[in-house]
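Everything numeric in this text was worked out from a predicted model, so none of it was measured. In what follows, chains carry the letters A, B, and so on, assigned in the order in which the sequence lines appear, proteins first and then strands, with residues in each chain numbered from 1.
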Protein chains: 2
Amino acid sequence: MSPESVAETLRNQGLKVTPRRLAAARLLFESGRAMTPEEVRERLRPALGRLGLPTTYRILDELAGTGLLTRVERDDRVLSYAACRAEPGRHHHHLVCTGCGRVEVVGCAFPASQRRDIERRTGFRVTGHRMQVEGLCGDCRRRGR
Amino acid sequence: MSPESVAETLRNQGLKVTPRRLAAARLLFESGRAMTPEEVRERLRPALGRLGLPTTYRILDELAGTGLLTRVERDDRVLSYAACRAEPGRHHHHLVCTGCGRVEVVGCAFPASQRRDIERRTGFRVTGHRMQVEGLCGDCRRRGR
DNA sequence: GGATAGATAGAAGTGATTTCTATCTATCAT
DNA sequence: ATGATAGATAGAAATCACTTCTATCTATCC
């Protein structure tokens, strides 16, 4: 993801293109890993000088709102954010490495047939689903985590 | 879920069978809905007299650990708990009504073929997935929520 | 090169959840 | 049944993630 396309996405959403927003997006796109707001802040501080924690939270939330980032959850409910490389508008999920936090895009694993099946059995209308796949990336497997 | 089988599950896990634990399990099994710890506490207080909030959190966490309850998440990250009626040991997910919080068990919607596909494409080993299906139950649809 | 709406820093506040400690009780062995 | 004990609970206090508030700054538009 180039800085230009990040800037374009921000503008399309009516958000100003600021150094902090660009730096946060760049950090997550270059690392490919999920990070907590606190970690993002610590990593950006050397380059940005001051960076408020409320600003960090807000920026990550806004970038997730544009689809540039995705939220990643762990069992202990710690929230982190990662770059989302999915094609815009395409339904997808994320595969998260439990060793290093690396995040990849995967296609949706919820077939329409299953959805109809659930609707018939339960009487619900299915309106959505949240899904996150977990695994160990090649590097972490080799390292034996 | 009878009080006896709740008690049996508790004993199997090395947990004492206490009135508070039984009451919490009973409340959630009888209502069929997801509730926050605060809501569970308010509902149990009339019958139990005193019930500490830390106790409520701990009991819900323990019951979720035994598989009797399941955690339900919302977009706003509010955590609640609901009775889990799945057969023990059987892989499953939960369908949550966004109108009233009613929770049903559904089968796993993640075929092994998809999993292998993901592993081949990403080099990850897939170790698990978290999934929650959302919808509107029949009652809530009729009420036009 | 202003004007202005939106962005940011830092202090303070909030609220969910946890920790701590003294007291209580379910359970198990008499 | 009864006493011993490990585990459970109440309530106060602490913690921690996250948000609000307000004054100051800056990207953007003219």
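Partners of B:Phe29 according to the ring-ring contact (aromatic ring centres under 6.0 Å, His included) rule, which considers only residues two or more places apart in sequence or in another chain, do not exist here. Partners of A:His129 according to the ring-ring contact (aromatic ring centres under 6.0 Å, His included) rule, which considers only residues two or more places apart in sequence or in another chain, are A:His91, A:His93, A:Phe110. Here B:Arg50 pairs with nothing under the salt bridge (Lys or Arg N to Asp or Glu O under 4.0 Å) rule; sequence neighbours left out. In this view, B:Arg74 and B:Asp76 satisfy the salt bridge (Lys or Arg N to Asp or Glu O under 4.0 Å) rule, not counting sequence neighbours. With sequence neighbours excluded, the residues forming a salt bridge (Lys or Arg N to Asp or Glu O under 4.0 Å) with A:Arg121 are A:Asp117, listed by chain and number. For B:Glu134, the side-chain hydrogen bond (donor to acceptor under 3.5 Å, both in side chains) criterion is met by A:Arg130, B:Gln132, not counting sequence neighbours. Partners of B:Arg71 according to the salt bridge (Lys or Arg N to Asp or Glu O under 4.0 Å) rule, which considers only residues two or more places apart in sequence or in another chain, are B:Asp61.
Across the protein-nucleic acid pair, B:Asp76 atom CG and D:dA17 atom C1' stand 15 Å apart, rounded to whole Å. Between the P atom of D:dA17 and the CD atom of A:Glu38 lies a distance of 7 Å, rounded to the nearest Å. One interatomic measurement links the two molecules: CD of A:Glu62 to C1' of D:dT19, which rounds to 14 Å at whole-angstrom precision.
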Exercise for the section: Report the secondary structure of DNA chain C in dot-bracket form, marking unpaired bases with a dot and bases paired to a different strand with |, and treating Watson-Crick or G-U pairs with both distances under 3.5 Å as paired. Expected result: ||||||||||||||||||||||||||||||
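Under a hydrophobic-cluster definition in which Ile, Leu, Val, Met, Phe, Trp and Tyr are linked whenever side-chain heavy atoms come within less than 4.5 Å, directly or via other members, A:Leu27 and A:Leu51 are assigned to the same cluster.
Within the structure, salt bridge (Lys or Arg N to Asp or Glu O under 4.0 Å) pairs that include any residue of residues 93-103 of chain A comprise A:Arg102-A:Glu104 (at least two apart or interchain). The salt bridge (Lys or Arg N to Asp or Glu O under 4.0 Å) contacts involving residues 14-24 of chain A comprise A:Arg21-A:Glu62, where partners must be two or more places apart or lie in separate chains.
Protein chain A contacts DNA chain C from C:dA5 to C:dT17, reading 5' to 3' and using non-hydrogen atoms of the protein with a distance under 4.0 Å.
The stretch residues 47-59 of chain A touches DNA chain D through A:Pro54, A:Tyr57, each having a heavy atom within less than 4.0 Å of the strand.
Using a 4.0 Å heavy-atom distance criterion, B:Val17 is classed as a sugar-phosphate-only contact.
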